[in-house]
Amino acid sequence: MIGVEQFYWAYLVIWAGIVLYVLYLTHRQNRIKREIDLLKEVMESGGK
Amino acid sequence: MEKRKLIDFVLALLAVIFVIVTVLAALYYAPLEPLDVSTVLYHQDDYTGDDIRVKGVVQDLSGTEFALEDITSAVFIDVSYADSGDLDAGIVNGTTVYVLGRLEPDVGIAAREVEIADDPDEPAGWRSPYSAKIFYFHVPAAWTSFLAFGVVLVCSAAYLWKGGQKWDTWALSSAEVGLVFCSVAVISGALWAKAEWGYYWDWNDTKLFSTFVLWLIFIAYVAIRAGAVRHESIPRVAAIFGILGFAAVPISFLSSRIWTSLHPNVVATSQGHLSAEAGAVLMLGVVAFTLVYATLFSRRTAIERSVIEIEGIKEQLEDAE
């Protein structure tokens, strides 16, 4: 049947796109959280 | 803080549930033909200005009738194309004909593109009905991107009017998430076009071109904000850019309704040719994608708040030094 291949490609692109974006956000959030923790440690140690 | 986490969790849970239901409904419940277009139209004197697919006997502007029994696909073009001379092509029995769109009183129907069918016995309908199921995700993705860019418009206006970092944060977050959905809509649409039209893209098509421009505008918006330099004027510039950029949304939405376009108009036309089952699955998709948008928007704003928190801590450290 014509278009089956395109249908599954589109399916893959749609959900892979959204999942990749979620992974990117998670990665970015974790990195920022680590940075905040590090900065707080620096603050608590008196800026050393 | 805990309340925010709970809301995020509920949103994400609902999004996942609706996404799964939509996928299953699109695969196993939705009809292969999203449009209920079995009506044979012929010289519709009482029919004005609406796009519709046509099967059966049609007539060109010169009054010549064609018995089109092997229509395998239909595209919608403005009747003004009838003046371009495209109708001169002879149509013989057993040809596949791509039939026009807008019907006006006493105008009849004009054929635009004609090609010999590979298989004269191929049943009438979409050339690629299976790929038409992309529609159940393509349209919700496009809708969600329009919603997201609408949020950019409102938040940008609120930022310019009232000020306040939260408006800027929301505008930036919504633009980035909207860009993801716009990308999904553009790529899935191109894949459908390959199956249905035989090519991925047509730069002369107003719908495709205006949506591409919309996509570029918000890529530029996100790129401006992603710059390493965080100058204090950037939020204000971005807000003006966001408001102006939103103008591309109605242009993209209306382009295929106002100007000539191969892009089908099956939603929000005055006739609304969606079948009940297709409409139900489409609505499920819209709800699912809107929930996914809300979830991603919430996560993105949380990141932006954290970035602001980091800047605050760094300022404190600099002051302490």
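Chain identifiers are assigned alphabetically (A, B, ...) following the order of the sequence lines, protein sequences preceding nucleic acid strands; residue numbering begins at 1 within each chain. Values below: every heavy atom of this structure, side chains too, minus hydrogens, waters and symmetry copies.
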Counting heavy-atom pairs under 4.5 angstrom with chain B, the leader among A:Thr26, A:Leu20, A:Val22 is A:Thr26
Residues in side-chain contact (heavy atoms from CB on, under 4.5 Å) with B:Ser298, at least two apart?
B:Asp8
Heavy-atom distances under 4.5 Å only: say whether B:Val292 touches chain A with side chain, backbone, both or neither.
side chain
Part of B:Ile187 lying under 4.5 Å from any heavy atom of chain A:
side chain
Do A:Trp15 and B:Phe289 have their ring centres less than 6.0 Å from each other?
yes
Flag, side chain of B:Thr169 to backbone of B:Gln165, donor-acceptor distance under 3.5 Å:
yes
Quick test of your reading: applying salt bridge (Lys or Arg N to Asp or Glu O under 4.0 Å), list the pairs with at least one residue in residues 183-193 of chain B, sequence neighbours left out, ordered by first then second residue.
none
